[in-house]
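Here the structure is laid out as structure tokens; the discussion comes afterwards.
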Protein chains: 2
Amino acid sequence: MSPERLARITNMLNYRQPDLTVFLEQVHKAHNLAAIVRTADAVGVSDVHATWENKTTQISGNTATGSQNWVNLHSHETLEDAVKALRAQGMQIIATNLSDSAIDFREVDYTKPTAILMGQEKHGISPEALALADQDVIIPMVGMCQSLNVSVASALILYEAQRQRELAGMYNGECRLPEEEAHRILFEGGH
Amino acid sequence: MSPERLARITNMLNYRQPDLTVFLEQVHKAHNLAAIVRTADAVGVSDVHATWENKTTQISGNTATGSQNWVNLHSHETLEDAVKALRAQGMQIIATNLSDSAIDFREVDYTKPTAILMGQEKHGISPEALALADQDVIIPMVGMCQSLNVSVASALILYEAQRQRELAGMYNGECRLPEEEAHRILFEGGH
Ligand SMILES: C[S@@+](CC[C@H](N)C(=O)[O-])C[C@H]1O[C@@H](n2cnc3c(N)ncnc32)[C@H](O)[C@@H]1O
Ligand SMILES: C[S@@+](CC[C@H](N)C(=O)[O-])C[C@H]1O[C@@H](n2cnc3c(N)ncnc32)[C@H](O)[C@@H]1O
């Protein structure tokens with residue numbers, strides 16, 4: 001491994017946020033998936049979770065421009081078990097929801113361990129997913145459209161989390177991953 | 001026109017930001033264009049400017065989910081003349097640029113009249129566009145990817161502008177459009 005590549009990977013590892021994740025409920029357009037994985041990588045999120053409408057849906061390798069090698073996309077059979085597992089890890093579950101009862105997305109404290117639930121392109125988040133969440137949030141809109149693109153909405157929330165975590169010193173370059181995992185990734189990345 | 005529709009359009013007009021715009025330099029993927037126009041609408045931007053790689057590039061009506069009826073997409077032959085016209089309107093020109101010399105996008109004062117220049121998917125912003133800008137900005141990234149998707153990057157900057165303008169009372173529901181234009185849009189929207 002070249003010294004430049006080693007430095008780049010080490011740097012990436014030092015900014016990873018193991019307690020921040022995104023959960024995609026049946027998001028199925030390849031370009032949306034790719035954009036979300038790329039944004040996750042950019043803010044230091046290394047795990048993205050998903051359920052699929054059907055088994056044939058797949059992330060397109062080309063459009064994610066390599067980030068999928070550094071972000072783990074976990075596929076789940078059911079949302080319920082997966083969300084319970086995240087909650088067992090101490091995560092708060094925040095659902096994005098185009099509803100009058102949802103609070104402004106900037107009012108949430110994202111410095112806490114957090115999983116963000118994103119809904120399907122056409123149907124949005126399911127009632128089941130909403131029922132599993134601690135809080136639902138909305139990104140304010142003042143135009144004529146009903147909703148934002150799902151990769152855009154994901155990015156706005158992830159970068160709000162990044163902003164809050166930066167202020168809280170959570171991007172100070174001190175590795176927050178378990179040592180073993182950091183070593184594994186470093187080792188695998190060199191090959 | 002139904003009273004609900006009248007209320008919805010009037011409300012939209014009261015939040016429009018005539019002194020905030022986006023300039024797309026040869027962005028060509030239909031899903032990116034559609035997502036950008038949709039986000040523009042959502043933050044109250046009613047004018048989006050663009051130059052094209054070739055004349056056949058067109059925004060796809062379907063994917064913009066109706067927002068293109070409420071957002072004017074202005075096509076320009078050359079970037080230079082169009083940027084000069086925006087500057088003549090008193091706009092600061094902010095270019096997004098993946099460079100070490102660019103400042104953090106959150107450091108800019110977006111309450112000033114502002115045009116945001118976005119670059120092409122593959123090649124990014126041109127040296128000519130950079131030369132025309134007052135300032136270049138970057139969205140911080142700590143992962144392995146080189147860049148964000150262009151519609152994601154546009155949204156992050158537009159919503160930072162929205163955040164600042166909201167704090168400055170620029171979304172207080174008092175119509176900021178010239179009266180004639182507001183009337184014209186209201187009239188056309190009823191048909
Ligand atoms: C295109 S939207 C789904 C629209 C669907 N008709 C609905 O009512 O939910 C796809 C997903 O993007 C996210 N999203 C889009 N706009 C949003 C907003 N303004 N606030 C919060 N989430 C949003 C949500 O996760 C949503 O489920
Ligand atoms: C996919 S990027 C272009 C990548 C190109 N290789 C380059 O070096 O510019 C497309 C556009 O998205 C915007 N963009 C993407 N990531 C950005 C970031 N981190 N900061 C600012 N703008 C960004 C810029 O407008 C850029 O020109």
Side-chain angles (χ1 to χ4, degrees), chain A residues 5 8-9 11-17 29-32 34-46 63-71 104-106 121-122 139-160 162-163 166 171 173 185 189, chain B residues 5 8-9 11-17 29-32 34-46 63-71 104-106 121-122 139-160 162-163 166 171 173 185 189:
Chain A
R5 189 168 170 80
R8 192 140 170 255
I9 299 176
N11 190 61
M12 176 270 286
L13 293 172
N14 288 345
Y15 289 96
R16 279 318 204 208
Q17 307 287 312
K29 290 193 182 162
H31 62 82
N32 286 334
I36 293 169
V37 167
R38 206 162 144 191
T39 307
D41 176 68
V43 297
V45 166
S46 55
T63 37
T65 59
S67 53
Q68 73 279 28
N69 296 328
W70 301 98
V71 172
D104 189 293
F105 78 114
R106 293 183 180 120
E121 284 91 344
K122 201 176 162 82
I139 300 159
M141 296 188 292
V142 296
M144 296 297 285
C145 293
Q146 306 269 355
S147 66
L148 298 165
N149 168 280
V150 64
S151 68
V152 160
S154 307
L156 292 170
I157 298 178
L158 284 172
Y159 267 90
E160 172 62 16
Q162 181 269 348
R163 192 185 69 80
E166 176 142 71
Y171 287 94
I185 299 169
Chain B
R5 189 168 171 79
R8 193 142 168 254
I9 299 177
N11 190 62
M12 176 271 286
L13 292 172
N14 288 346
Y15 289 95
R16 280 317 205 210
Q17 306 288 313
K29 291 192 182 162
H31 61 83
N32 286 335
I36 293 169
V37 167
R38 206 162 144 191
T39 307
D41 175 68
V43 297
V45 166
S46 55
T63 38
T65 61
S67 53
Q68 74 280 27
N69 296 329
W70 301 99
V71 172
D104 189 294
F105 77 114
R106 293 183 180 120
E121 284 90 345
K122 201 176 162 84
I139 299 159
M141 296 188 291
V142 296
M144 296 297 284
C145 293
Q146 306 269 356
S147 65
L148 297 165
N149 168 279
V150 64
S151 68
V152 160
S154 307
L156 292 170
I157 298 177
L158 284 172
Y159 267 90
E160 172 62 16
Q162 182 269 348
R163 192 184 69 82
E166 177 142 69
Y171 286 94
I185 298 169

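First the proteins, then the strands, lettered A, B, ... as listed; each starts at 1.
Ranked by heavy-atom pairs under 4.5 Å with chain B, the list A:Q162, A:M12, A:R106 is led by A:R106.
Among all heavy-atom pairs drawn from B:L148 and A:A42, the shortest one is CD2-CB, 3.6 Å. Closest non-hydrogen pair, B:A35 versus A:V152, comes out as CB-CG2, 4.4 Å. Between B:C145 and A:R38, the shortest heavy-atom distance links the atoms SG-CG, 3.8 Å. What you find for B:I9 and A:M144 is that their closest heavy atoms are CG1-CE, 3.7 Å.
Ring planes of B:F105 and A:Y159: perpendicular class, angle over 60° (limits at 30 and 60°).
Of the atoms belonging to A:V43, it is backbone heavy atoms, and not side-chain ones, that fall under 4.5 Å from chain B.
If you take OG1 on A:T39 and CG on B:L156, they are separated by 7.0 Å, rounding to the nearest 0.5 Å.
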